[in-house]
Undergrad: 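Okay, handing you the structure first.
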Amino acid sequence: MIKNLIILGGGTAGWMAAAAFSQIFRHDSLNIRLIESDEIGTIGVGESTIPAIRDFNRLLGIDEQEFIRETRATLKLAIKFTDWGRIGQEYFHPFGHSGRDINAVDFHHHWVSLRDDNDIAEFSRFSVAAEAAEQGRFSLPSQNNDFWSSTYSYAFHFDAGLYAQYLRKYAEARGVERIEGKYLSADRNSNSGDIVRLNLTSGAQFEADFFIDATGFRALLLNDVLKSPYENWKEWLKCDSAIAIPCGTRKSFKAFTHASAHSAGWRWRIPLQHRVGNGSVYSSEYISKEDALHDLLANLEAEPLAEPRYLSFVPGMRQEQWKNNCVGIGLSAGFLEPLESTSIYLIQYGIQKLIEYFPVSKDFSLAQKEFNLQLTKEFVRIRDFIIMHYAENQRDDSQFWQDCRNMSLPDGLAYRQAIFRGAGLVDPKQYGLYASVCLGQNVIPEFYDARVDVIPPPERKKILKKIKQEQEVFISRFPLLVDWLRSVGAAVDD
Ligand SMILES: Cc1cc2nc3c(=O)[nH]c(=O)nc-3n(C[C@H](O)[C@H](O)[C@H](O)COP(=O)(O)OP(=O)(O)OC[C@H]3O[C@@H](n4cnc5c(N)ncnc54)[C@H](O)[C@@H]3O)c2cc1C
């Protein structure tokens, strides 16, 4: 029987796993220990999330307002993309729908039919989330009130260090034992190859039945001990480096992550209560780190609060994220890149699947197979979505963007793009994501849904304008984000 679990690593991944396992496997059904090294520390980035994080909070039974105060979080309704399709263009990927169906036809078909009319707002601005984000307003969505309040969702920007501390407190209160120490090596069962024991540099040894490798890019168990191969996706995801630097806040609070493209990648801006997280993600083949830093510093809104931190990574995924009696959660399992803020979501997804399939006994080959299949599918789905942002550009200012445009796409993505380009068709599960990014980057379907023309164009235009007006009225009732944050006890100045 599986009775003892060791989590190696105490970054976001390790403590999210510890918190979730301690909540689900209560009443001493599983003995959970987490080993981490303060001296090594964590990666210190990863501060922008997607709405799924709220499901995780709900699973833990966390009070959201307390969470906002403790992690110095701000709200996120969207990602604003600048200079992606072409230099000078902006669009939002909002959390939620844009517009509303008209005669049971998806809104984007109607918008496409009127796209050349200058009187019609940009597609993503038909979303409550995008418009409120841009106006610096916020109100909680609701499923019970009027139509517009159920059309959007939200996530958080939080301080990664404070988040790990918060979850640590949570997990320790539920019985997780934290062990400070540096991992040195692992002993394996000579027949099965399973890990039986971890040895620390102090000489201490810890045995368990099952292990989670949350050691970040090092992947000390999955890579070094179990040799699970890493699939490299650099052919499509050219960015392999990042520089992170925090600065003070100057601008008023707005509920979006800002992703601004530059000549060989992009910059992020993530507003927290007490600072702004900034970073540059770039391809080391196309720009030097000195030039990337220069570009990043030139775009800071206030004085830096720390020295720049340089990071490099190989975009890809470990082929078997569950190998023998060990599962990789977090960066040890794979990393695409920060665009679209999906890494913490993938941690959450891995934890959720591992909890669902968690083995009762040591005979877990079927659960392991299914876990690896599901995780691969999710990584590939998100990988393709991220690739699309790079591939669908019309920038001619640098070799990087031209090479991104000319790369051959993975089959699944090539198909998705063809059906959108040809007929505006979108996988219903990815609707909100796909339409706003494609249209925002000037991928305009050749044909729209035939049912659109049932409504004569002047009447159609009136309907779209009315939708926009209704939305404006709805958003005008929202408080300013800064006031909303203050109302829940956040420490913000504006
Ligand atoms: C540039 C960049 C930007 C990112 N931005 C985002 C974002 O906006 N949104 C998002 O969702 N994700 C983002 N990510 C990803 C995000 O940072 C990670 O998914 C998240 O922080 C989880 O990291 P981790 O816990 O796997 O690794 P880490 O934070 O590296 O933690 C590893 C742990 O292992 C421990 N450890 C290592 N070696 C040993 C040893 N020998 N002995 C004992 N302990 C050891 C360390 O002490 C640490 O506790 C970003 C990543 C990068 C590179």
Side-chain angles (χ1 to χ4, degrees), residues 6-18 33-53 56 76 79 155-161 163-165 167-168 178-186 198-202 204 206 212-225 239-245 257-259 265-270 272 277-282 292 296 308-315 318 321 328-351 382 386:
I6 286 184
I7 300 167
L8 182 60
T12 300
W15 283 114
M16 280 178 80
R33 284 168 294 174
L34 184 147
I35 302 173
E36 68 172 323
S37 158
D38 275 344
E39 194 188 318
I40 293 174
T42 64
I43 190 162
V45 283
E47 306 200 313
S48 182
T49 61
I50 61 173
I53 190 76
F56 190 73
K76 174 178 175 189
I79 304 173
F156 304 100
H157 304 119
F158 56 59
D159 181 308
Y163 184 54
Q165 274 175 35
L167 293 182
R168 174 178 164 184
R178 175 191 183 270
I179 296 154
E180 168 64 35
K182 251 198 223 172
Y183 161 91
L184 177 68
S185 63
L198 303 188
N199 307 307
L200 305 194
T201 51
S202 62
F206 295 94
I212 290 180
D213 182 346
T215 57
F217 286 137
R218 291 177 182 84
L220 294 172
L221 302 181
L222 264 193
N223 187 61
D224 298 4
V225 178
C239 291
D240 59 2
S241 305
I243 309 174
I245 191 162
T257 299
H258 198 172
W266 61 284
R267 291 182 303 275
W268 77 74
R269 177 184 185 274
I270 299 176
L272 306 181
N278 306 278
S280 178
V281 181
Y282 61 95
L296 179 60
R309 182 196 293 238
Y310 295 91
L311 299 153
S312 54
F313 53 88
V314 181
R318 217 156 279 286
Q321 301 191 9
I329 298 285
L331 299 171
S332 62
F335 181 58
L336 303 167
E337 71 135 281
L339 192 68
E340 291 283 352
S341 341
T342 53
S343 188
I344 293 172
Y345 161 72
L346 284 167
I347 291 174
Q348 183 183 336
Y349 189 73
I351 292 171
I382 294 174
I386 295 177

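For ligands, and for the atoms within them, numbers begin at 1 and follow the listed sequence.
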Undergrad: Which of the atoms of ligand 1 are close to Thr42, meaning less than 4.0 Å from one of its heavy atoms?
TA: 29 (O), 49 (O)

Undergrad: Among all protein non-hydrogen atoms, which one is nearest to atom 46 (C) of ligand 1, and what is the separation to 0.1 Å?
TA: Gly41 O, 3.0 Å

Undergrad: Any idea which part of Leu220 is under 4.0 Å from ligand 1, heavy-atom wise: side chain, backbone, both or neither?
TA: side chain

Undergrad: Quick one: OH on Tyr183 to CZ on Arg218, what's the gap to the nearest 0.5 Å?
TA: 12.5 Å

Undergrad: Which residue and atom name correspond to the protein heavy atom nearest atom 42 (N) of ligand 1, and how close is it?
TA: Tyr183 N, 2.8 Å

Undergrad: How close does the nearest protein non-hydrogen atom get to atom 25 (O) of ligand 1, and which residue and atom is it?
TA: Ala13 N, 3.0 Å

Undergrad: Which value, rounded to the nearest 0.5 Å, describes the distance between Ile245 atom CD1 and Tyr310 atom OH?
TA: 8.0 Å

Undergrad: What protein heavy atom is closest to atom 36 (N) of ligand 1, reported as residue, atom name and distance in Å?
TA: Ile40 CG2, 4.3 Å

Undergrad: Select one of side chain, backbone, both or neither to describe which atoms of Glu47 lie under 4.0 Å from any atom of ligand 1, heavy atoms only.
TA: backbone

Undergrad: If hydrogens are left out, which of Gly181, Ala242, Gly334, Ala160 has an atom nearest to atom 1 (C) of ligand 1, that is, the closest non-hydrogen atom?
TA: Ala242

Undergrad: Among protein heavy atoms, which lies nearest atom 19 (O) of ligand 1, and at what distance?
TA: Ser343 OG, 2.7 Å

Undergrad: Out of Phe335, Tyr345, Tyr163, indicate the one that has the non-hydrogen atom closest to atom 50 (C) of ligand 1.
TA: Phe335

Undergrad: Quick test: of every protein heavy atom, which one is nearest to atom 32 (C) of ligand 1, and how far off is it to 0.1 Å?
TA: Ala214 O, 3.4 Å

Undergrad: Which of the listed options, Gly46, Ala244, Ser48, holds the heavy atom that is closest to atom 6 (C) of ligand 1?
TA: Gly46

Undergrad: In the protein, what heavy atom is nearest to atom 44 (N) of ligand 1, and what distance, to one decimal place, separates them?
TA: Ser37 N, 3.5 Å

Undergrad: Measure from atom 34 (O) of ligand 1 to every heavy atom in Gly9, Pro338, Gly14 and give the option owning the shortest one.
TA: Gly9

Undergrad: Measuring from Thr342:OG1 to Ile386:CD1, what's the distance to the nearest 0.5 Å?
TA: 4.0 Å

Undergrad: Check the pair Lys76, Ser48 against side-chain hydrogen bond (donor to acceptor under 3.5 Å, both in side chains), reporting the backbone distance first and the verdict last.
TA: CA-CA 8 Å; Lys76 174 178 175 189; Ser48 182; 2.8 Å; yes

Undergrad: Look at atom 23 (O) of ligand 1 and say which protein heavy atom is nearest, naming residue and atom and giving the distance to 0.1 Å.
TA: Leu331 CD1, 3.5 Å

Undergrad: Can you classify the ring geometry of Phe313 versus Phe335 as parallel (below 30°), tilted (30 to 60°) or perpendicular (above 60°)?
TA: perpendicular

Undergrad: Which value, rounded to the nearest 0.5 Å, describes the distance between Asp213 atom CG and Asn223 atom CG?
TA: 9.0 Å

